[in-house]
Amino acid sequence: MELTGDGGGKVPALAWSLRGRNHVARTLFSWFRLVACVLGVSLRLVEVNGGPGALLLDGQQRLIGVLALDIAGGQITSISAIVNPDKLTHLGPVADFRSLLRPAR
């Protein structure tokens, strides 16, 4: 299992890929716990690049990030998290990620 993140240096993201189910699970749990502190955030299941994924949206339905899952043999083999606003703008309005995190701290 591998987790990669792409913030493009514009928003907080992983500096390197994480490997191992436990490590990935702990990191995702920490991220979702942080995001849950932001009122109105929701996850919408969608197809991403032909596979399962999700959009993370703020309270005004602006895009925070995209998660794309790679599955093989019925198991998740990798997760890509894209939060780089430059790579999200073609999908619609993008949230100001940094301002969303300020109230959570």
Side-chain angles (χ1 to χ4, degrees):
M1 161 82 66
E2 182 176 26
L3 174 63
T4 58
D6 179 358
K10 298 177 185 259
V11 296
L14 292 173
W16 57 86
S17 295
L18 300 179
R19 290 185 174 78
R21 289 191 183 283
N22 288 338
H23 199 164
V24 169
R26 281 193 307 271
T27 300
L28 288 174
F29 181 75
S30 295
W31 280 359
F32 289 125
R33 189 174 58 207
L34 175 67
V35 169
C37 294
V38 179
L39 292 177
V41 169
S42 62
L43 200 61
R44 181 184 307 155
L45 301 179
V46 296
E47 187 175 290
V48 176
N49 296 329
L55 303 178
L56 185 61
L57 305 165
D58 74 359
Q60 284 106 28
Q61 299 301 294
R62 294 175 301 191
L63 191 58
I64 298 169
V66 174
L67 297 173
L69 306 171
D70 288 322
I71 298 178
Q75 295 197 21
I76 299 171
T77 57
S78 68
I79 302 170
S80 298
I82 298 93
V83 292
N84 180 344
D86 294 341
K87 293 184 178 179
L88 301 175
T89 56
H90 71 283
L91 298 172
V94 177
D96 179 358
F97 189 77
R98 289 186 189 277
S99 70
L100 289 172
L101 293 179
R102 276 187 213 114
R105 290 182 179 173

Honestly curious: do [X] and [Y] fall in one hydrophobic cluster under the side-chain, below-4.5 Å linking rule?
{"X": "Ile82", "Y": "Met1", "value": "no"}
{"X": "Val46", "Y": "Ile64", "value": "no"}
{"X": "Leu67", "Y": "Trp16", "value": "yes"}
{"X": "Val48", "Y": "Ile71", "value": "no"}
{"X": "Val41", "Y": "Val94", "value": "no"}

Taking the side chain as every heavy atom from C-beta outward, state whether [X] and [Y] have any pair of such atoms under 4.5 Å apart.
{"X": "Glu2", "Y": "Arg21", "value": "no"}
{"X": "Pro93", "Y": "Gln61", "value": "no"}
{"X": "Val66", "Y": "Leu91", "value": "yes"}
{"X": "Ile79", "Y": "Leu28", "value": "yes"}

What's the spacing between [X] [atom1] and [Y] [atom2] if we round to 0.5 Å?
{"X": "Arg19", "Y": "Thr4", "atom1": "CZ", "atom2": "OG1", "value": "9.5 Å"}
{"X": "Leu3", "Y": "Trp31", "atom1": "CG", "atom2": "CH2", "value": "4.5 Å"}
{"X": "Asn49", "Y": "Ser80", "atom1": "CG", "atom2": "OG", "value": "9.0 Å"}
{"X": "Ser42", "Y": "Leu56", "atom1": "OG", "atom2": "CG", "value": "7.5 Å"}
{"X": "Leu63", "Y": "Lys87", "atom1": "CG", "atom2": "NZ", "value": "14.0 Å"}
{"X": "Leu69", "Y": "Thr77", "atom1": "CG", "atom2": "OG1", "value": "9.0 Å"}

Original post:
Taking atom CZ of Arg44 as the centre, does the number of heavy atoms from other residues, nucleotides or ligands within less than 6.0 Å exceed 12?
Top reply: no
Subject >> Taking every non-hydrogen atom, the tightest pair across Gly7 and Ala13 >> reply: N-CB, 3.4 Å
Original post:
side-chain contact (heavy atoms from CB on, under 4.5 Å) between Leu57 and Arg62: does it pass, once the steps are laid out?
Top reply: CA-CA 5 Å; Leu57 305 165; Arg62 294 175 301 191; over 6 Å; no
Subject >> Under the salt bridge (Lys or Arg N to Asp or Glu O under 4.0 Å) test, residues paired with Asp86 that sit two or more places apart >> reply: Lys10
